[in-house]
Asks: 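Can you read through this structure? Questions will come right after.
Note that these values count all heavy atoms, side chains included, but never hydrogens, waters or copies made by symmetry. Note that the structure is a prediction, hence the values are computed from the model and not measured. Reminder, nothing fancy here: chain letters follow the sequence lines and each chain counts from 1.
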There are 2 protein chains.
Amino acid sequence: MPSASETAAGGRRHRVREEALAEILRTGRRLLVDEGPSAVTLRAIAREMGMTAPGLYRYYASHRDLIQALTSHLYDELAAALAEARERRPAEEPGRQLREVCRELRRWALAHPREFGLLFAKPVTDADTAPGSAAHDPSWRFGTVLLDLMVQLWHHGSIEPPNDLDPSWIVQLEEVREHLAGEPVPLEILYVFVSCWARLYGAVAVEVFGHLDFALTDPEPLFEHTLHDILTALGASDR
Amino acid sequence: MPSASETAAGGRRHRVREEALAEILRTGRRLLVDEGPSAVTLRAIAREMGMTAPGLYRYYASHRDLIQALTSHLYDELAAALAEARERRPAEEPGRQLREVCRELRRWALAHPREFGLLFAKPVTDADTAPGSAAHDPSWRFGTVLLDLMVQLWHHGSIEPPNDLDPSWIVQLEEVREHLAGEPVPLEILYVFVSCWARLYGAVAVEVFGHLDFALTDPEPLFEHTLHDILTALGASDR
DNA sequence: CCCTGAAAGTTAACGGTGTTAGCAAATCTC
DNA sequence: GAGATTTGCTAACACCGTTAACTTTCAGGG
């Protein structure tokens, strides 16, 4: 029988372990923010926590795993921030909700550029995110906030589907469809979703990665223009 | 007086040095492509070249400098590829030229994702590219290929300037204007250029960085759609 | 022709990194 | 309290960037 000091979350031992796991990630993130990705080192994290590097192997099997866990955590944090932004507008107006969510994505990215870089500049920058890896699910938890909202928008608004849908896409789009709860979404509509996501990602990335610095100090108006285009494509014009 | 074995490029000694500099970069790039950015290491490069790591310091002052030189070289290669693509269409049709150049940018990025990542996912991923650093000029040599073509397009075509140009942009845009040869370009037109660059970068980056993999196997039609939008905004519709 | 001096490359070493093996202590379970 | 499990340690290995000091190579001037 479990000891009396247990909580609902299953065992005191288990609880302090969870706290240690969290502190490792917290420390790693602080290093990431303060000194850049190359400073997120097992020894540095251990040093900051007052322990030695090999001790961390009781919590993460490798440096790679630790970074992956941090990535997952950040995806969740971003998804939570987006969900919170969504709630700032009534559910009856998914257009306004989506606008708020897109703005929050940009806001979060600008406020946390290092974290954004870890999440969204990765697959090519270093180790490959395997299809079934631990970073896959969290990335979906993030993306679903956007996709679900687009589905709502599809119900409320009037998306005009493209007339020329490349047949090679159908296979992959059907896999995406399975990830969406509720009634099935037409593939043409999914195409619009994907193209809007591409546009949104591009608008945020080009700014956060510094590829507008050569010309603009404040790209916000440009982003707002892009956002307007996106919402129009989704049948949710300015009001 | 110089020895008889000299070539036009100034001294045999100097020539073998240039070749060594080039081989270092070549080797570093091969490591980048074959094993990822974290494998581009002084010791690995030296090992592949049959020498020892400290020897490389006769050529580059630090690992950072070497990476920066590699970055510059890749910017130049990309710029050359774009220029070559431009020449595939007659100068009288800057619209077709620009389309070819944009396609070549995507082609190059997909064929060299690691290199693209080094060039275009950097400022946030690690060390900061200082404003006056050596990577600044090469990045301009690349960007100018696009900007010059847009200027040509402005002369030939009909770009409709936006009616609401944020006043805070004027200062920075004027700095961009100085980098362009020939007659001065109106700031409103420059705004269109910048917004098209943002769109182009986003379209390529979202694909190369793998953020369409969840949905699409072949994003080319999506890119072509984006490209059509870009050319339309520049007053160079499909034909 | 040899002599000089710069350039190129070497080895040895320092502190940093991820990672493994083996051990000691603390803590939970019975 | 005894046994088992978890947690953290130290020592060590291979790799990294970087520096210092040394040797070798070799172009060029007297």
Side-chain angles (χ1 to χ4, degrees), chain A residues 1-7 9-25 27-28 31-32 34-71 125-128, chain B residues 1-25 27-28 31-32 34-71 125-127:
Chain A
M1 173 185 171
S3 92
S5 63
E6 265 189 27
T7 70
R12 184 202 112 143
R13 197 74 176 263
H14 181 261
R15 214 174 56 247
V16 310
R17 178 164 232 282
E18 291 298 312
E19 167 51 27
L21 284 164
E23 182 181 355
I24 292 173
L25 260 44
T27 309
L31 287 167
L32 170 69
D34 292 349
E35 310 175 39
S38 64
V40 184
T41 213
L42 286 181
R43 291 186 132 105
I45 294 174
R47 210 179 302 132
E48 299 266 325
M49 293 177 62
M51 58 185 291
T52 60
L56 293 177
Y57 281 79
R58 302 292 173 182
Y59 298 93
Y60 294 102
S62 69
H63 180 253
R64 207 189 120 91
D65 280 24
L66 192 158
I67 298 295
Q68 203 157 274
L70 179 55
T71 302
T125 206
D126 226 348
D128 15 17
Chain B
M1 171 184 173
S3 92
S5 62
E6 264 190 26
T7 69
R12 185 201 113 146
R13 200 73 176 261
H14 181 260
R15 215 174 55 246
V16 309
R17 178 165 232 280
E18 291 299 311
E19 167 52 27
L21 285 164
E23 182 181 354
I24 293 172
L25 259 41
T27 309
L31 287 168
L32 170 69
D34 293 349
E35 311 174 39
S38 64
V40 185
T41 214
L42 287 182
R43 290 186 132 104
I45 293 174
R47 209 179 302 132
E48 299 267 326
M49 293 177 62
M51 58 186 290
T52 59
L56 293 178
Y57 281 80
R58 301 290 172 181
Y59 299 94
Y60 294 102
S62 69
H63 180 255
R64 207 187 121 91
D65 280 23
L66 192 157
I67 298 295
Q68 204 156 274
L70 180 55
T71 302
T125 206
D126 226 345

Asks: Rounding to a whole Å, what distance do you find between B/Arg58:CZ and D/dT24:C1'?
Replies: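 Atom CZ in B/Arg58 sits about 12 Å away from atom C1' in D/dT24.
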Asks: For residues 46-54 of chain A, which side-chain donor-acceptor pairs fall under 3.5 Å, sequence neighbours excluded?
Replies:
unit_1  : atom_1 : unit_2  : atom_2 : d
A/Glu48 : OE1    : A/Arg30 : NH1    : 3.1
A/Glu48 : OE1    : A/Arg30 : NH2    : 2.9

Asks: Under 3.5 Å, which donor-acceptor pairs do the side chains of residues 16-23 of chain A form with other protein atoms, sequence neighbours left out?
Replies:
unit_1  : atom_1 : unit_2  : atom_2 : d
A/Arg17 : NH2    : A/Arg58 : O      : 2.1
A/Glu18 : OE2    : A/His14 : NE2    : 3.4
A/Glu19 : OE2    : A/Arg26 : NH2    : 2.8

Asks: Can you pull every protein N or O that's under 3.5 Å from an N or O on nucleotides 25-27 of chain C?
Replies:
none

Asks: For each nucleotide in nucleotides 12-20 of chain D, reading 5' to 3', give B when a protein heavy atom comes within less than 4.0 Å of its base, S when such contact involves only the sugar-phosphate, and - otherwise.
Replies: B---BBBBB
Asks: A/Ile67 has an atom CD1; how far is it from atom C1' of C/dT17, in whole Å?
Replies: 13 Å
Asks: What is the separation between atom CD on A/Glu18 and atom P on D/dT6, rounded to the nearest whole Å?
Replies: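 Rounded to whole Å, this separation is 14 Å.
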Asks: Counting just side-chain N and O atoms, does B/Thr52 come under 4.0 Å of either OP1 or OP2 of C/dG9?
Replies: no
Asks: For B/Met51 and D/dT24, what is the distance between atoms CE and C1' respectively, to the nearest whole Å?
Replies: 14 Å
Asks: Using whole Å, report how far CZ of A/Arg15 lies from P of D/dT6.
Replies: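 One finds 18 Å between P of D/dT6 and CZ of A/Arg15, rounded.
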Asks: Is the phosphate of C/dA7, meaning OP1 or OP2, less than 4.0 Å from a side-chain N or O of B/Arg17?
Replies: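 For C/dA7, OP1/OP2 do not have a side-chain N/O of B/Arg17 under 4.0 Å.
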Asks: Given side chains that start at C-beta, do those of B/Tyr60 and B/Leu25 come closer than 4.5 Å, heavy atoms only?
Replies: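 Of all side-chain heavy-atom pairs linking B/Leu25 with B/Tyr60, at least one is under 4.5 Å.
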Asks: Please work out if A/Tyr59 contacts a base, only the sugar-phosphate, or nothing of the nucleic acid, heavy-atom cut-off 4.0 Å.
Replies: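 The answer is sugar-phosphate, as A/Tyr59 gets under 4.0 Å only of primed atoms, P, OP1 or OP2.
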